[in-house]
Amino acid sequence: MHDSRSRVPEVTVAFWVLKLLTTGIGETTSDFFVKTFDPVPVVLLAAVVFIGCFVVQFTARRYVPWRYWLFVLMVAIFGTMVADVAHIVFDVPYALSSTVFAIVLVGLLVVWRLVEKTVSVHSIVTARRELFYWAVVLATFALGTAVGDLTAVTFGLGYFGSAVMFAVVFGVLLLVLRLGVVPVASFWAAYVFTRPFGASVADWLGVDSGRGGLALGTGPVSLVGLALIVAGVAIVQARSRARSLIVR
């Protein structure tokens, strides 16, 4: 039974579907805006929108689907921009950024565990725990972005090859989670891999054939993906509202 005080959603099939959609569309949306317009004002504007969406989510004090997924989408878009800046502007190798982000993620989880005695996603019922949660989410996005680029570009697997590999890893982790084996660790591991999995699929659909993609364009892929996200969130929001009316 989902705790009514929780500030984050239940881990269901809908959760994973929306998570994968937001990660993929965050990738293509970021690429579209950065490559279509001047990247400096785009990143600055994205930072402002990111902060605004965080305020909208954090002030809810409980899980509200549209608020939560709006912020997750902005985490995906802005997080992709930040990760790309580290590589493009500062020429940080993907192997190094992946290692650094992995250390940051582990460090955040350790601190969270020491302070709150748990890092379970089912325990996000206070403001402090939610802050830890979003800090870890940001780290997973940064790590996933770097790892996806590492396998596709540095290791030469390409976007399709990377998508297949990450799909297998993600599937195995979901099975482990379903079986209840180290559930907290398997959840966060699966959460990390949604990023490179979703982003690799989106890149494969959007980029040109010279980069191993289907050349559908990052703009069209983003628009279709956004429509799917809006539809999915609308369904989840309606179900959440219906559930709250029944409880009352």
Side-chain angles (χ1 to χ4, degrees), residues 1-30 32-33 45-80 120-138 140-141 144 170 174 177-178 183 187-188 190-195 197-199 201-202 205 218-248:
M1 187 70 177
H2 189 54
D3 192 329
S4 60
R5 300 172 300 160
S6 181
R7 297 173 177 234
V8 300
E10 292 182 82
V11 181
T12 62
V13 172
F15 170 84
W16 290 117
V17 170
L18 284 171
K19 179 63 171 63
L20 287 168
L21 281 171
T22 54
T23 59
I25 300 313
E27 176 78 15
T28 54
T29 302
S30 171
F32 173 77
F33 279 108
L45 178 60
V48 173
V49 177
F50 171 83
I51 293 170
C53 289
F54 172 73
V55 172
V56 168
Q57 161 59 26
F58 193 72
T59 54
R61 300 184 185 281
R62 65 180 179 84
Y63 171 59
V64 179
W66 73 266
R67 292 176 182 244
Y68 176 88
W69 290 109
L70 175 63
F71 184 51
V72 170
L73 180 60
M74 275 312 302
V75 169
I77 295 172
F78 183 60
T80 299
S120 171
V121 70
H122 303 297
S123 69
I124 315 301
V125 295
T126 66
R128 188 168 68 179
R129 288 183 180 182
E130 187 180 4
L131 286 174
F132 274 119
Y133 173 84
W134 287 117
V136 168
V137 167
L138 282 167
T140 65
F141 269 86
F170 178 64
L174 283 189
L177 179 61
R178 178 68 177 174
F187 167 80
W188 284 115
Y191 198 96
V192 168
F193 278 98
T194 58
R195 176 58 183 174
F197 177 27
V201 172
L205 292 172
T218 55
V221 170
S222 297
L223 288 175
V224 172
L226 286 171
L228 291 174
I229 291 170
V230 170
V233 172
I235 293 172
V236 172
Q237 184 73 48
R239 289 179 176 176
S240 176
R241 180 174 175 77
R243 189 182 301 117
S244 64
L245 290 175
I246 292 173
V247 171
R248 289 177 186 175

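- A donor-acceptor distance shorter than 3.5 angstrom exists from the side chain of Arg67 to the backbone of Val56, with no hydrogens or angles considered.
- From Tyr68, atom OH reaches atom OG of Ser6 across 9.0 Å, with rounding to the nearest 0.5 Å.
- In this structure, the side chains of Ile77 and Met74 come closer than 4.5 Å at one or more pairs of heavy atoms.
- Side-chain contact between Phe132 and Thr126 is absent, with no heavy atoms from C-beta onward closer than 4.5 Å.
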Name the atoms and distances for all side-chain donor-acceptor pairs under 3.5 Å in residues 19-28, with sequence neighbours left out.
{"from": "Lys19", "atom 1": "NZ", "to": "Thr194", "atom 2": "OG1", "distance (Å)": "2.6"}
{"from": "Thr22", "atom 1": "OG1", "to": "Leu18", "atom 2": "O", "distance (Å)": "3.0"}
{"from": "Thr22", "atom 1": "OG1", "to": "Lys19", "atom 2": "O", "distance (Å)": "2.8"}
{"from": "Thr23", "atom 1": "OG1", "to": "Lys19", "atom 2": "O", "distance (Å)": "3.3"}
{"from": "Thr23", "atom 1": "OG1", "to": "Leu20", "atom 2": "O", "distance (Å)": "2.7"}
{"from": "Thr23", "atom 1": "OG1", "to": "Thr194", "atom 2": "O", "distance (Å)": "3.3"}
{"from": "Glu27", "atom 1": "OE1", "to": "Arg195", "atom 2": "NH2", "distance (Å)": "3.0"}
{"from": "Thr28", "atom 1": "OG1", "to": "Ile25", "atom 2": "O", "distance (Å)": "3.3"}
{"from": "Thr28", "atom 1": "OG1", "to": "Ser222", "atom 2": "OG", "distance (Å)": "2.8"}

### Query
ring pair (Phe, Tyr, Trp, His ring centres under 6.0 Å) between Trp16 and Phe193: does it pass, once the steps are laid out?
CA-CA 11 Å; Trp16 290 117; Phe193 278 98; over 10 Å; no
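- Aromatic ring pairs are classed by plane angle as parallel below 30°, tilted from 30° to 60° and perpendicular above 60°; the pair Tyr191 and Phe15 is tilted.
- Cation-pi geometry between Arg7 and Phe58 is met: the NZ or CZ atom falls under 6.0 Å from the ring centre, inside 45° of the normal.
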### From CA spacing to verdict: side-chain contact (heavy atoms from CB on, under 4.5 Å), Leu73, Leu226
CA-CA 9 Å; Leu73 180 60; Leu226 286 171; 3.6 Å; yes
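- Under a cut-off of 6.0 angstrom, the local environment of CZ in Phe33 is sparse, with at most 12 non-hydrogen atoms contributed by other residues, nucleotides or ligands.
- Distance check: Leu223 CG to Phe32 CZ gives 7.5 Å after rounding to the nearest 0.5 Å.
- Atom-to-atom distance recorded for Cys53:SG and Trp69:CH2 is 14.5 Å, nearest 0.5 angstrom.
- Ring geometry for Phe71 versus Trp134: interplanar angle over 60°, hence perpendicular rather than tilted (30 to 60°).
- For the pair Thr29/Thr80, no side-chain contact is recorded, criterion being any heavy-atom separation below 4.5 Å from C-beta on.
- Note: Leu138 CG to Phe54 CZ = 9.0 Å, rounded to the nearest 0.5 Å.
- Ser240 places no side-chain N or O within 3.5 Å of a backbone atom of Gln237 that could act as its donor or acceptor partner.
- For the pair Tyr133/Val137, a side-chain contact is recorded, criterion being any heavy-atom separation below 4.5 Å from C-beta on.
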### Task
Carefully, step by step, assess Arg128 and Leu131 under the rule side-chain contact (heavy atoms from CB on, under 4.5 Å).
CA-CA 5 Å; Arg128 188 168 68 179; Leu131 286 174; 5.5 Å; no
